[in-house]
2 protein chains.
Amino acid sequence: MDAEQRRRELTEAVWRVIRRDGVQAASVRAVAREAGTSMGALRHWFATQDELLHVAMTRVVERARSRAEAAAAAGGPLVPRLLRVLEEALPLDDERRAEAEVWLALTARALVDPALAELRDRSAGELHGFCTEVVRVLVAEGVARADLDVDLEGERLYAVVDGLAVHALTRPSVLPPGRARTVLAAHLATLVDSS
Amino acid sequence: MDAEQRRRELTEAVWRVIRRDGVQAASVRAVAREAGTSMGALRHWFATQDELLHVAMTRVVERARSRAEAAAAAGGPLVPRLLRVLEEALPLDDERRAEAEVWLALTARALVDPALAELRDRSAGELHGFCTEVVRVLVAEGVARADLDVDLEGERLYAVVDGLAVHALTRPSVLPPGRARTVLAAHLATLVDSS
DNA sequence: CTCTTGATAGCACGACTGTGCTAGCTTGGC
DNA sequence: GCCAAGCTAGCACAGTCGTGCTATCAAGAG
C-alpha cells in the first residue's frame, strides 16, 4: 500500500473523530480505533498527538486550496468564476462541511497551540490575500469602481466569507447553503454594480 | 459573601483557564486550582463539568448583551450609535477580547455538545436579529435606500461582524482593533451612502 | 448550649490519556 | 534458504479526568 495513501486514510479517521466527538476526543486510541488499526501502527505514521492534529489541519487547507485552484482554472465569465472560487471556503456540501467543522475546531485550538497557530496564520493569509486579489482584479478589469479601497474591500470580503462560513456551519437551518451563496453573491455584486 | 458574586468569581476562573490553556484544559481540578479553592467547593456551586462550561458561555453572552444595551441607550446620532453597539461584539479591548476567546472556544465545542449548541443558537439568534434590526431601522429612518433587501442585508452585516470578530481575534497583528472598526464602519457606510 | 444549614476540603474509584517500548508479522532482496 | 526493513500490535508507565462520597468547618437560629 502506498505510504501517502495510508497517511491520508489515517488523517481522515482523525477527521471523523473530530467531527463526531470534537477535537478533545481525538486521542491516539480513539483515532486508531476509528481507523481500525492499533496505537502502535498509528504512532508509526504520526509520532505524537500534536502531529495528528497538525496533519489534519494541513489536509483541510490543502483540499480547499486544490479545489479553489480548480475552480479558478475553469472557464467562464470573470465574476461567477471568482464567486465559485470563494464558495470553496463555504460549507456548502458534505465534503466542505466536514472540512469547515475541522477548520473551526482547530482554529479554536490554535488560540492556545502555537504549532497550529502558525499553520492557521499561513492559510488564513492565503484566503485573505486571495480576497484582496479578487477586489484588485475586479478594479483592474474595470468591472468595479476604480475608487475602491482595495485593501479595505479585501478585508471586508474576507470577513463576509469567513462570517458566512461560521454561520452556515453553526446554524445550517437558518443559513442553508443556497442562502449563503446568495449572500456572498450579493456582496460581490455590490462591488460590481454600483458604478 | 454573596452567592452570586461567588459564582461570578468561579466563572471568571473558568475563563482564565480557557484563555490560557484552552477548553480542553478547563477541568474541575484546573479551575479549582485557578480559583484558589478545592474541587469540593467548586462542585458545590457547579455540579458537573458541563455546567461549568455552560455558565462560562452564558456569562459571555450576558456581558456582551448588557454592554450592547448600554451603548444602544446612549445618546448621539443614529448611525454612530448603532456602530458602537455592533462594536461590542468585536474584540477591541482586553475585556472584549477575553470574551471573544471564550466565545470561539465554546462555539467550536458546541458543534459536538448539544447543551452548548442550544445556548449558542439562542445568542447567535440575538445578534443576528439585531443586525437585521439595524438594517430595518436604517431603511425606516430613510438613511438607507428603501429598496434594500432587509433580511439579506441583515445576514450580510451579521457575517461581517462575526467575520471581523474571528479575524481580529485570531490575527490581531493583521487586523488590529482600529482597523476592524474601520472596516465595520465602512460596511455600515455602504448601506447608508449609496443612495 | 445545641442543632441545622451552607460551604469547603479532599479522598477514592474506575476510566482515559500520551508516549516509551518491545515483540511479532509481512514483504522484498539476495 | 536468510536477512533486513517496514509495519503492526499492544503492554506499561505515570499521569489526569469527572464524579460520588464523607468529613470538617463556620455561622446563624432556637
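So you know, we letter chains A, B, ... as the sequences are listed, proteins then strands, and number each from 1.
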Closest-nucleotide ordering on DNA chain C, the 5'-leading residue of B:Trp45 and A:Gly40: B:Trp45
Does [X] have a side-chain nitrogen or oxygen under 4.0 Å from the phosphate oxygens OP1 or OP2 of [N]?
| X | N | result |
| --- | --- | --- |
| B:Thr37 | C:dA9 | yes |
| B:His44 | C:dA7 | yes |
| A:Arg29 | C:dT19 | no |

[X] [atom1] to [N] [atom2], straight-line distance once rounded to whole Å:
| X | N | atom1 | atom2 | result |
| --- | --- | --- | --- | --- |
| A:Met39 | C:dA23 | CE | C1' | 15 Å |
| B:Leu53 | D:dG18 | CG | P | 9 Å |
| A:Arg7 | D:dC7 | CZ | P | 11 Å |
| A:Gln24 | D:dC17 | CD | P | 14 Å |
| B:Asp21 | D:dC17 | CG | C1' | 15 Å |
| B:Arg33 | C:dA9 | CZ | C1' | 15 Å |
| B:Leu42 | C:dA7 | CG | C1' | 13 Å |
| B:Gln49 | D:dT16 | CD | P | 16 Å |

- line: When A:Arg65, A:Arg19, A:Arg67 are each screened for salt bridge (Lys or Arg N to Asp or Glu O under 4.0 Å) with A:Glu99, the one that passes is A:Arg67
- request: State plainly whether the residues A:Arg84 and A:Glu88 are in salt-bridge range, i.e. N to O under 4.0 Å.
  value: no
message: Taking the basic N atoms (NZ, or NE/NH1/NH2) and the acidic carboxylate oxygens, is any pair closer than 4.0 Å for A:Arg96 and A:Asp93?
response: yes
query: Does the side chain of A:Val112 come within less than 4.5 Å of B:Gln24's, by heavy atoms?
result: yes
task: Taking the side chain as every heavy atom from C-beta outward, state whether B:Trp15 and B:Arg59 have any atom pair closer than 4.5 Å.
output: yes
query: Within the modelled atom types, does a donor on one side and an acceptor on the other bring the side chain of B:Arg43 and the base of D:dG20 under 3.5 Å apart?
result: yes
statement: Closest to the 5' end of DNA chain D, once A:Ser38 and B:Val28 are matched to their nearest nucleotides, is A:Ser38
